[in-house]
Enquirer: 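Sharing a structure with you now.
A, B, ... follow the sequence lines: proteins, then strands. Residue 1 opens every chain. In what follows, every heavy atom counts, from backbone to side chain, and hydrogens, waters and symmetry copies are set aside.
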There are 2 protein chains.
Amino acid sequence: MTAKTGTSKSGAAKPGKPRFGQLGRDQPLHKKVATLISKEIVNGQFLPGDKLPSEHELAQIFEVSRNVVREAIACLRSDGVVISRQGLGAFVVQPELRQAIRIDAEELQQSGNLRSLFELRSALEIEAAGLAAKRRTKPQLARIEQALSKMTGAEKMLDAGIDADLDFHRAVAEAAGNEYLVTFLTYLGHQMRETILTVRETHGLETVVELTIAEHQRIFEALTAGDPDAARNAMRDHIGAAAQRLNIEL
Amino acid sequence: MTAKTGTSKSGAAKPGKPRFGQLGRDQPLHKKVATLISKEIVNGQFLPGDKLPSEHELAQIFEVSRNVVREAIACLRSDGVVISRQGLGAFVVQPELRQAIRIDAEELQQSGNLRSLFELRSALEIEAAGLAAKRRTKPQLARIEQALSKMTGAEKMLDAGIDADLDFHRAVAEAAGNEYLVTFLTYLGHQMRETILTVRETHGLETVVELTIAEHQRIFEALTAGDPDAARNAMRDHIGAAAQRLNIEL
DNA sequence: CTTATAGGGTTATCCTACAACCGGATAATA
DNA sequence: TATTATCCGGTTGTAGGATAACCCTATAAG
């Protein structure tokens, strides 16, 4: 595979920014079909173990080619929502047997859901802080300190402030010495970032995300001191204060 | 969509059981191609922002039809590993912008990873127990008690014992009143179940998973009493003891 | 300089065809 | 009668060809 011919300039690394020529939110057919099938599974029309209509039938129902249906099913299959059996059909899988955790962005904006996810993330952040205090290395402390120093410079901006906060938390998670914590917390941080930005725009919310350097400084000091209890308390306080600033009651 | 024509008897709800005629682990081409591309992304041949070879090129490289390549890319796209731009190509996405969390089963069996996931799950289970003690309803308590009663009957079996344990934990998570906790814990529970079963078979491990009804009983009592601290402590002790039984040091 | 057009490359969709698999029904054999 | 083999129809998996739609760049025109 000779693959470095792509121009990174075409930068799809920012998938949230549709290009003008693509009519905004108009989705490709294969994605629409996947979404519609997924909705009927969520709605209970197809229960675990149920067989979906054949590809041929779905192609007729949706008035698309069978290729489009196959690609849509490939998406659902990748998520473990369905499993295909050659010669038989595609079958709905039990939710707990799915292969991935996915947080729906629209669902996250619904009442109470941001709070719930905050609650879950909080438990993991606090755990990560405690572990980081026990396991951090010198280079990791330097990395956290670097992330902390970025927060001084970003103080007057909004998006960059959130990003600096996420970077700090990522550095702490990395010091926890648990790769799954890194993966989970990174994912959760970014999902919440997108939602906070969206809710802010949608509601014309003018709240400035105040960066409280002191809270982060306190976490850093507890990590430096290698004191897990202090680290957990500092993180708990920080998360609690952050929730308050977003009018989320924990 | 008229879809209840499927026979649930064909039961793809047990995807771990290949049928004899399918030559065991021989995978469809589209899945193989997706795996091979994904590996080259993980290996760093394609970095975030990089463009993959065109579909036409990939079809030549892998000596398959372009349809197979498109379905493989549909899988990667569904995971948020790549994003497609019509007319341009498919581009690798930054890991933190991915759309889902996925735990690789093989990776989980590698040294220390089961412990790490146990650690993460522990933090969430303990949090869920504390919340459940605050938020549980009468029907939810009955549900938990039902799950608890199943553990008496399943005491002498292995798989069923693990499943009864998972069912208990799921019931507790549901009483926590946080749908994300349910989703995450259910997923984590099943991933670990599969790994524990696999490791046991692989290593000819004869350890019997002892079901300690007393530990679960204690959790239930704390929930009934509505005592979050007691619930958290009971859960912490239970998880710690469970880890010990599996030779996992937390 | 700005705008329009052409051209080449790429993804998205459509179509046709056949291979491979599956389960059930039927026929053949012991 | 029970067991095994074969056939058939339905379904997924793969291949290949074609065109539409999109994108970017280069060139021409105003």
Side-chain angles (χ1 to χ4, degrees), chain A residues 2-3 5-12 15 17-34 37 50-78 82-92, chain B residues 2-3 5-12 15 17-34 37 50-78 82-92:
Chain A
T2 66
T5 53
T7 62
S8 303
K9 278 275 177 69
S10 309
K17 302 279 178 88
R19 294 170 186 265
F20 190 77
Q22 214 156 4
L23 298 172
R25 298 214 29 125
D26 193 31
Q27 298 185 314
L29 285 181
H30 54 78
K31 182 154 187 184
K32 281 181 183 171
V33 169
I37 295 176
D50 282 358
K51 177 183 166 310
L52 295 183
S54 72
E55 295 171 359
H56 178 68
E57 283 174 332
L58 288 170
Q60 288 184 324
I61 289 163
F62 290 116
E63 295 183 330
V64 296
S65 80
R66 204 182 127 214
N67 282 339
V68 172
V69 170
R70 284 194 59 76
E71 285 183 34
I73 289 177
C75 292
L76 299 176
R77 191 165 52 214
S78 185
V82 303
I83 189 166
S84 297
R85 291 292 185 218
Q86 182 170 349
L88 285 190
F91 297 84
V92 180
Chain B
T2 67
T5 54
T7 61
S8 305
K9 279 276 177 69
S10 309
K17 302 276 175 91
R19 293 169 185 267
F20 190 77
Q22 214 157 1
L23 296 172
R25 301 222 16 137
D26 193 30
Q27 298 185 313
L29 286 181
H30 54 78
K31 182 156 188 182
K32 282 181 183 170
V33 170
I37 295 176
D50 282 357
K51 177 185 168 304
L52 295 183
S54 73
E55 295 170 357
H56 178 68
E57 283 173 334
L58 289 170
Q60 287 183 326
I61 289 163
F62 290 116
E63 293 183 332
V64 296
S65 83
R66 208 183 121 216
N67 281 336
V68 171
V69 170
R70 285 195 57 76
E71 286 183 32
I73 289 177
C75 291
L76 299 176
R77 190 166 51 214
S78 184
V82 303
I83 188 166
S84 296
R85 291 294 184 215
Q86 183 169 345
L88 284 190
F91 296 85
V92 179

Enquirer: Given atom CD of A:Glu63 and atom P of C:dT13, what is their separation to the nearest angstrom?
Expert: 15 Å
Enquirer: From the options C:dT10, C:dA12, D:dT12, select the nucleotide whose nearest atom is closest to the side chain of A:His30.
Expert: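 The answer is C:dA12, which lies nearest to the side chain.
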Enquirer: Please give, in whole Å, the distance from C:dT13 P to A:Gln27 CD?
Expert: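 In whole Å, C:dT13 P lies 11 Å from A:Gln27 CD.
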Enquirer: Under the side chain to side chain donor-acceptor pair (under 3.5 Å) rule, what pairs show up with a residue in residues 58-68 of chain A, not counting sequence neighbours?
Expert: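 For residues 58-68 of chain A: A:Glu55-A:Arg66.
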Enquirer: For the pair made of CG in B:Leu88 and P in C:dG8, what is the distance, rounded to whole Å?
Expert: 18 Å
Enquirer: Rounded off to whole Å, could you give me the CZ-to-P distance for the B:Arg85 and C:dG9 pair?
Expert: 22 Å
Enquirer: Output the residues of residues 64-75 of chain B in contact with DNA chain C, where contact means a heavy atom of the residue under 4.0 Å from an atom of the strand; sort by number or write none.
Expert: B:Arg66, B:Arg70
Enquirer: C:dC21 C1' sits how many Å from A:Lys51 NZ, rounded?
Expert: 14 Å
Enquirer: Which value, rounded to the nearest 0.5 Å, describes the distance between B:Glu71 atom CD and B:Ile73 atom CD1?
Expert: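 Rounded to the nearest 0.5 Å, the CD-CD1 separation comes to 11.0 Å.
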Enquirer: Rounded at 0.5 Å granularity, tell me how far SG in A:Cys75 sits from CZ in A:Arg70.
Expert: 12.0 Å
Enquirer: Determine whether any donor atom in the side chain of B:Gln86 lies under 3.5 Å from an acceptor atom in the base of D:dA21, or the reverse, and answer yes or no.
Expert: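 Yes, the side chain and the base share a sub-3.5 Å donor-acceptor pair.
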Enquirer: Please state how far atom CG in A:Leu58 lies from atom P in C:dT13, giving the value in whole angstrom units.
Expert: 16 Å
Enquirer: With side-chain contact (heavy atoms from CB on, under 4.5 Å) as the test, pick out the partner of A:Leu76 among A:Ile83, A:Val82, A:Val33.
Expert: A:Val82
Enquirer: When rounded to the nearest 0.5 angstrom, what is the spacing between NE2 in B:His30 and CZ in A:Arg77?
Expert: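 B:His30 atom NE2 to A:Arg77 atom CZ measures 4.0 Å (nearest 0.5 Å).
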Enquirer: For B:Lys31, I'd like to know if atom NZ has over 12 heavy atoms of other residues, nucleotides or ligands within 6.0 Å.
Expert: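 No, the 6.0 Å shell around NZ holds no more than 12 heavy atoms from other groups.
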Enquirer: To the nearest angstrom, how far is A:Gln60 atom CD from C:dT13 atom P?
Expert: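 Atom-to-atom, A:Gln60 to C:dT13, this comes out as 19 Å.
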Enquirer: Rounded to the nearest 0.5 Å, how far apart are NE2 of B:His56 and CD1 of B:Ile61?
Expert: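 Here the rounded value is 10.5 Å.
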Enquirer: At less than 4.0 Å, is any side-chain N or O atom of B:His56 found next to OP1 or OP2 of C:dT10? Yes or no.
Expert: no
Enquirer: Need to verify one output field. Residue with the more 5' nearest nucleotide on DNA chain C, A:Gly87 or A:Leu29?
Expert: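 Taking each residue's closest nucleotide, the earlier one in sequence belongs to A:Leu29.
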Enquirer: Separation of B:Glu55 atom CD from D:dA21 atom C1', in whole Å?
Expert: 13 Å
